[in-house]
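Here is the structure we will look at, set down as structure tokens.
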Amino acid sequence: MRASKTDWMFRVQVPGLEKNDVVFVVGNLPELGAWNHNQAIQLTKENDGTDSPTGFENNGTSEFADFYGNSSDGLDSFGNGDSEHSDEGQVFSQKITLPSDADIQFRYFVAVVCLSNNVTKNSAKTLIIRKWETHMTPRKIKKNAPSNFNEETLPDPERFGYHNGYMKVERGWLTDETVIQFKLFNNPVKLWKNKLQNRRIHIKMTPVNLVRHNSLELQQFGECPDDSLSMDTQDIVDQPAFSITEIAVMNDDEAYFRHQNQFGRAYNEDECMIFNVAVRYPETVAYLVDYYVYTSRSFPGEPPNHIGFSYILPSTLQTSTGLLTVPITSTKHRPIGQLTVEYVAIKPIPDFPWDMSISYAKHWEQRWAGLDVGHRGLGNSFSCKMKSCANVRENTIASLKTASYHGADMVEFDVQLSKDLVPVIYHDFYVSISMKRKKQIEAMDMLEIPVKDLTLEQLHLLKDFYYPGDSLGKVLYYVDKAESWVNQPVYHVNEGREKAAKFFDEDLEDHQPFPTLQGALQELEQHVGCNIEIKWTMQLKDGTFELNHPFDLNVYLDTILKVVLEHGGERKIVFSSFNPDICAMIRLKQNKYPVVFLTQGVTAKYPTYHDPRCQTIPMAMRHALAADILGINVHTEDILRDPSQVKLVKDRGLIIFCWGDDNNDKDTIQHLKKLGLHAVIYDKIDEYNAKEVKESVFLVDARENQKALIELAQANTVAAAVAAGTPGFTANNAGASSESDDSVGAASVSLTTNCDITQQDKDIRDLTKDFSVCAPSFGHPEGEAATNAL
């Protein structure tokens, strides 16, 4: 029997499009790409007499709004501004034949079509996502809905991004492009000529092709430009086929990335300026930096003097992060100064099956206020006085589970990689083992070994071989590249320095240190939220580093993110890091989970970090806006010093958490919640949690959603029975049944029996089996609308 089909007209009006932007629809069925963006259906522009946008080839040029969807005047091009003053946009449409016997979900998105190298008529293409609709509940076509058009009438166009009564559009993530960010701060430009001293230098950055031919398979460089003048003065165009260059400055007015002005932007003393360049083939792109100076006698509108340029070659950008110093050359090819710049290269996760069904990247329910977050699970168990420490070893499965049992809404824990690239949960960069001295059996020296230098097997051997007869516990520690095993005790670094063990529970599986991230995600109940802090070495203001890290940062993050994306499920997960670049990278590398930037701000307790974005709450807030992340996680010491900063952050639409030893006090926790903190991270949640009912807010959400699903199953079952003429079922008793209490309702739909029910009811019954799939929307639709105002 042939399945029934329905013709449906997808029609949407999209404002703020740029040259070469293309509109697509993607949905849950194969006919709509099964949520795969590369299989989505392209819509056609209606009745404007112009051709549809074409794909980029390797020798084209491009003009765009900025990569983050912001227009040059600072208003976003997502349609989130004042609709009365925004462009109504162009209408795109496409007729598609769809099965009528299934509910259909779909979203619209805007992308750039990029063709592969060796361009041929049938060559493959890839989509670079510019912006997409991210409502928790997608658009929907109900099962058995009739066609929405005929020969005489068309459906009214939907508004891109506007659904369920509110606007929700977000920028895309990296699919095939690489983003290079160049960071200029600490007065990076040094000019040696006297007449240029104390002059405001305008800086502009432009990507330049080093390869002239279409194919990257030809491993030779094409002809380079004949001169080295600014791109603004060259007649030829050497910009890469796909490239977007924008700039942000860490102040209140310029924190969002925007297009550059024609002659760049002036660098002022002590500013933090970031250039963001997106390209497809970074190995063939150089970066031209132009320098301009306006004379004191310049007339309005008169162009500045072009005093020189620098080139940053791709060969100097081999690692994911780095520091470069390049010469500044005058237009007469003489050295006149130097530029010092830090960079980070952000690459897409290779070969990952992306899904556009849902995104939580900028979602936070209004009722998620004052959440209780367990620090390292039940709490810090080493870096504090014994009486204040948690009584379960930190960052273990036991600690995380105990915090959940005592009502933690989320648990916070630290993740880093072992030597063999396995994400493990552990806070410190080092672990201590004892080295017994020869001829002095009772004397010990402590050796601190970086966690990164030990494989997962070695880390587990450090705690698996436990001897209860020895008060410190003995383990077998394998010396790398040696052929013998050495009998050694192991300690947390603080235990090692004090030469006194605090825990003797390594024989209990859940209490063992170094649990894997995958194991934690599989062991914890699905209703437990996770705040996953990514550990990475930080540079201090004095120039020193916390650790000499051997890992490439892209590989490091890709390894961790893949585990979370594959095993996170519908769990509420938030990433965080003290490293601002990591926060920006996580936001660009995946399209599902939110990110908050950890900052210590102004503090007397810790040394100051090198990066100015880490040094104050306002700077952290500006970085969060530039990186387009959910919010920031601030040190409570700074909030208690100046509580007005909470409102400052929230007024910019950001979520704000707090952390620190000051939180380990019941009165302080309540004070912080009254200030409006969205989450408070603290130790000993079993002692300080003031909830009357020790349950996670997410468990309550899941229960409410389960109740709604049961009621829906009940209504559908009764309706199906009435329609089928089942004896004993009428419209009247169907209505009575729907008003019965939960227990009666659950029995009425026979959720726990094997009676015959409709396929739709069976699907609902399956959904209610596990809380992990009971709340895929992170809450009710009305909560979404409230969230949009946060």
Side-chain angles (χ1 to χ4, degrees), residues 61 180-210 212 221 223-240 243-250 254 258-277 279 282 284-317 322-344:
T61 60
I180 313 291
Q181 290 189 350
F182 297 96
K183 300 168 289 180
L184 282 65
F185 56 89
N186 291 340
N187 302 313
V189 178
K190 306 295 183 185
L191 295 174
W192 304 325
K193 299 185 71 171
N194 290 333
K195 68 177 183 179
L196 295 175
Q197 301 298 318
N198 301 318
R199 301 294 296 275
R200 294 183 69 198
I201 307 298
H202 289 245
I203 304 173
K204 182 178 183 181
M205 181 170 287
T206 308
V208 180
N209 264 339
L210 296 179
R212 286 298 188 91
F221 285 104
E223 184 180 351
C224 290
D226 295 331
D227 56 36
S228 298
L229 297 179
S230 165
M231 293 297 296
D232 297 314
T233 62
Q234 290 183 11
D235 294 330
I236 60 174
V237 177
D238 293 295
Q239 279 189 271
S243 67
I244 302 172
T245 305
E246 53 213 342
I247 183 175
V249 184
M250 296 296 101
E254 301 173 275
R258 295 176 172 87
H259 276 312
Q260 302 176 92
N261 293 327
Q262 181 181 5
F263 299 109
R265 199 269 192 191
Y267 181 84
N268 298 311
E269 187 175 3
D270 296 326
E271 280 189 326
C272 179
M273 180 186 294
I274 303 174
F275 289 94
N276 192 94
V277 187
V279 296
T284 65
V285 176
Y287 304 89
L288 170 64
V289 185
D290 285 305
Y291 307 89
Y292 300 93
V293 171
Y294 284 89
T295 67
S296 57
R297 299 178 181 178
S298 295
F299 296 102
E302 183 179 353
N305 294 325
H306 180 222
I307 63 169
F309 58 90
S310 301
Y311 274 106
I312 300 174
L313 299 178
S315 58
T316 63
L317 306 174
L323 174 69
L324 302 172
T325 298
V326 294
I328 299 174
T329 306
S330 73
T331 54
K332 295 182 180 180
H333 305 285
R334 290 182 174 274
I336 59 173
Q338 65 183 33
L339 170 71
T340 301
V341 58
E342 297 184 18
Y343 76 88
V344 56

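Along the sequence shown, residues carry numbers from 1.
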Would a distance-only check, ignoring hydrogens and angles, find a side-chain to backbone donor-acceptor pair under 3.5 Å from [X] to [Y]?
{"X": "Thr331", "Y": "Gly308", "value": "no"}
{"X": "Gln260", "Y": "Met205", "value": "yes"}
{"X": "Lys204", "Y": "Gln262", "value": "yes"}
{"X": "Gln197", "Y": "Leu191", "value": "yes"}
{"X": "Asn187", "Y": "Asp270", "value": "yes"}

Please name the pair of heavy atoms, one in [X] and one in [Y], separated by the smallest distance, quoted to 0.1 Å.
{"X": "Thr316", "Y": "Ile312", "answer": "OG1-CG2, 3.8 Å"}
{"X": "Glu302", "Y": "Tyr294", "answer": "O-CE2, 3.5 Å"}
{"X": "Val326", "Y": "Tyr311", "answer": "CG1-O, 3.9 Å"}
{"X": "Phe275", "Y": "Leu184", "answer": "CD1-CD1, 4.2 Å"}
{"X": "Ala266", "Y": "Arg200", "answer": "CB-NH2, 3.2 Å"}
{"X": "Ser310", "Y": "Pro327", "answer": "OG-O, 2.8 Å"}

So, taking the atom named [atom1] in [X] and the one named [atom2] in [Y], what distance separates them when rounded to the nearest 0.5 Å?
{"X": "Ile201", "Y": "Ile307", "atom1": "CD1", "atom2": "CD1", "value": "4.0 Å"}
{"X": "Ile180", "Y": "Tyr287", "atom1": "CD1", "atom2": "OH", "value": "4.5 Å"}
{"X": "Thr325", "Y": "Leu339", "atom1": "OG1", "atom2": "CG", "value": "8.0 Å"}
{"X": "Phe182", "Y": "Leu324", "atom1": "CZ", "atom2": "CG", "value": "7.5 Å"}
{"X": "Ile328", "Y": "Ile203", "atom1": "CD1", "atom2": "CD1", "value": "7.5 Å"}
{"X": "Met273", "Y": "Lys183", "atom1": "CE", "atom2": "NZ", "value": "15.0 Å"}

Are [X] and [Y] close enough that some pair of their side-chain heavy atoms sits under 4.5 Å apart?
{"X": "Tyr267", "Y": "Val189", "result": "no"}
{"X": "Pro304", "Y": "Val293", "result": "no"}
{"X": "Thr340", "Y": "Leu323", "result": "yes"}

- Verdict with supporting geometry, Phe263 and His306, side-chain contact (heavy atoms from CB on, under 4.5 Å): CA-CA 9 Å; Phe263 299 109; His306 180 222; over 6 Å; no

- After noting the C-alpha distance and the side-chain angles of Lys193 and Arg334, does the key distance pass the side-chain contact (heavy atoms from CB on, under 4.5 Å) rule? CA-CA 11 Å; Lys193 299 185 71 171; Arg334 290 182 174 274; over 6 Å; no

- Message: Assess the residue pair Tyr292 and Arg265 against the criterion (side-chain contact (heavy atoms from CB on, under 4.5 Å)); give the C-alpha distance rounded to whole Å, side-chain angles, the decisive distance to 0.1 Å, and a yes or no.
- Response: CA-CA 9 Å; Tyr292 300 93; Arg265 199 269 192 191; over 6 Å; no

- Task: Take Val208 and Val285, measure what side-chain contact (heavy atoms from CB on, under 4.5 Å) needs, and give me the verdict at the end.
- Result: CA-CA 6 Å; Val208 180; Val285 176; 5.9 Å; no

